[in-house]
J.: 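Supplied in structure tokens, the structure appears directly below.
All values below were derived from every heavy atom in this structure, side-chain atoms included, with hydrogens, water molecules and symmetry-related copies excluded. Throughout, numbering of the chain's residues begins at 1 and tracks the sequence.
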Amino acid sequence: MASRAAISSVLIVLAAFAATGVRAATFTITNNCGYTIWPAGIPVGGGVQLDQGQTWTVDVPAGTSGRFWGRTGCSFNGGSGHCDSADCAGQLSCTVSGQTPATLAEYTIGGAQDFYDISLVDGFNQPMDFSCSTGVNLHCGGPGCPDAYLFPTDDTKTHACSGNSNYQVTFCA
């Protein structure tokens, strides 16, 4: 059973988020590719199969930093299997990052501003657009795209948008 001190600490943190108006962000992930993809997300989301034209909606709580990416060439039996690109330990519902190469939509939600970027530090496997409702659209159509982080110390590609924004990740935009 949790201690009263631990419960009090959690309640104080939740009250602080409520007082600042911070809430969950909704991520709408769309497959515009001419083939099936299996998008995944950690620490929120897990993974699903999206056929061409399908959309997946994920609510991400305030105070979360994470990523979404697309997997290709997947075959699952139950919740286990394998993907040709960006596989995450053979699981449909990911709890670890995908293997390289993986085009990443990265985010930090909470506070007066949210932050987001596309990263190719782990390689390129899917064309992707990533935007928030109050910010710029990032486009990455191939390896070396100018809107994406290309190496670990590249700190010029992070974008901010107002807190309480919603997000769109589109594969093959």
J.: With a cut-off of 3.5 Å and sequence neighbours excluded, list every side-chain donor-acceptor pair involving residues 108-115.
T.:
{"from": "Thr108", "atom 1": "OG1", "to": "Ser65", "atom 2": "OG", "distance (Å)": "2.9"}
{"from": "Asp114", "atom 1": "OD1", "to": "Gly110", "atom 2": "N", "distance (Å)": "3.0"}
{"from": "Asp114", "atom 1": "OD2", "to": "Tyr167", "atom 2": "OH", "distance (Å)": "3.1"}

J.: Look only at the side chain of Thr103 and the backbone of Gln126, and say whether a donor-acceptor pair between them is shorter than 3.5 Å.
T.: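 It does hold such a pair.
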J.: Restricting to non-hydrogen atoms, name the atom on Tyr107 and the atom on Val60 that form the minimum distance, rounded to 0.1 Å.
T.: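 The answer is CE1-CG1, 3.6 Å.
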J.: Taking all atoms of both residues into account, what is the closest heavy-atom pair of Glu106 and Ser119, and its distance?
T.: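 Between these two residues, the closest heavy atoms are OE1-CB, 3.4 Å.
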J.: Can Phe68 be reached from Leu104 by stepping across I, L, V, M, F, W or Y side chains whose heavy atoms are under 4.5 Å apart?
T.: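 Different clusters: Leu104 never reaches Phe68 through Ile, Leu, Val, Met, Phe, Trp or Tyr contacts under 4.5 Å.
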J.: Answer whether the closest heavy-atom distance between the side chains of Thr95 and Cys88 falls below 4.5 Å.
T.: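 A side-chain contact under 4.5 Å is absent here.
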J.: Pairing donors with acceptors under 3.5 angstrom, does anything connect the side chains of Asp129 and His139?
T.: yes
J.: Mind checking whether Met128 and Leu50 sit in one hydrophobic cluster, side chains of I, L, V, M, F, W, Y counted as touching below 4.5 Å?
T.: yes
J.: Quick one, Leu120 and Tyr149 - any side-chain contact, counting heavy atoms below 4.5 Å?
T.: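 Sidechains of Tyr149 and Leu120: no contact.
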J.: For residues Cys94 and Trp69, report the shortest heavy-atom separation together with the two atoms involved.
T.: SG-CZ2, 3.8 Å
J.: Measure the spacing between CD of Gln168 and CG of Leu138 and express it to the nearest 0.5 Å.
T.: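 The CD atom of Gln168 sits 12.5 Å away from the CG atom of Leu138.
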J.: For Arg71 and Ala40, which heavy atoms make the closest approach, and how far apart are they?
T.: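 Minimum heavy-atom contact is NE-CB, 3.7 Å.
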J.: As an exercise, state the distance from CD of Gln49 to OG of Ser75, rounded to the nearest 0.5 Å.
T.: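 Gln49 atom CD to Ser75 atom OG measures 10.0 Å (nearest 0.5 Å).
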J.: Test your reading of the model: is there a side-chain donor-acceptor pair from Lys157 to the backbone of Leu150, 3.5 Å cut-off?
T.: no
J.: How close do Val169 and Phe130 get, counting heavy atoms only, and between which atoms?
T.: CG2-CD1, 3.5 Å
J.: Does any pair with a residue in residues 28-77 pass disulfide bond (SG atoms under 2.5 Å apart), and if so which ones, sequence neighbours excluded?
T.: Cys33-Cys172, Cys74-Cys83
J.: Nearest 0.5 Å please: distance from the OG1 atom of Thr57 over to the CD1 atom of Ile29.
T.: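 Going from OG1 on Thr57 over to CD1 on Ile29, the span is 8.0 Å.
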J.: Return the CD1 to CG distance between Ile118 and Asp147, rounded to the nearest 0.5 Å.
T.: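 Reported to 0.5 Å precision, the distance equals 6.5 Å.
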J.: Looking at Thr26, is its backbone amide N or carbonyl O close enough to the side chain of Asn166 to form a donor-acceptor pair, meaning the two atoms are under 3.5 Å apart?
T.: yes
J.: Working note: Trp56 + Thr30, criterion side chain to side chain contact (heavy atoms under 4.5 Å, CB included); need CA distance, chi angles, decisive distance, verdict.
T.: CA-CA 7 Å; Trp56 177 38; Thr30 304; over 6 Å; no
J.: CG of Asn77: more than 12 outside heavy atoms within 6.0 angstrom?
T.: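 At most 12 heavy atoms, drawn from other residues, nucleotides or ligands, come within 6.0 Å of this atom.
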J.: To the nearest 0.5 Å, what is the distance between CG (Asn32) and CZ (Phe171)?
T.: 10.5 Å
J.: Is any side-chain heavy atom of Val48 less than 4.5 Å from a side-chain heavy atom of Pro39?
T.: yes
J.: Taking Gln54 for its side chain and Asp51 for its backbone only, find out whether a donor-acceptor pair lies under 3.5 Å.
T.: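 Indeed, once roles are kept as given, a pair shorter than 3.5 Å links the two residues.
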J.: Check this for me: does any side-chain nitrogen of one of Asp122 and Arg67 sit under 4.0 Å from a carboxylate oxygen of the other?
T.: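 The answer is yes: the pair qualifies as a salt bridge.
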J.: Take Tyr35 and Thr72 through the test side chain to side chain contact (heavy atoms under 4.5 Å, CB included) and record every step on the way to the result.
T.: CA-CA 9 Å; Tyr35 48 87; Thr72 60; 4.2 Å; yes
J.: Compare every heavy atom of Gly66 with every heavy atom of Pro43, then report the nearest pair and how far apart it is.
T.: CD-CA, 3.7 Å
J.: Without swapping roles, check the side chain of Ser165 against the backbone of Ser133 for a donor-acceptor pair under 3.5 Å.
T.: no
J.: Report yes if some heavy atom in the side chain of Val136 is under 4.5 Å from a heavy atom in the side chain of Tyr116; otherwise report no.
T.: yes
J.: For residues 78-105, which residue pairs pass the salt bridge (charged side-chain N to carboxylate O under 4.0 Å, His left out) check, not counting sequence neighbours?
T.: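 Sorted result for residues 78-105: empty, none.
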J.: Taking atom CZ of Phe27 and atom SG of Cys132, what is their separation to the nearest 0.5 Å?
T.: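 If I round to the nearest 0.5 Å, the distance is 9.0 Å.
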J.: With a 4.5 Å cut-off on side-chain heavy-atom distances among I, L, V, M, F, W and Y, is there a chain of contacts connecting Val121 to Phe124?
T.: no
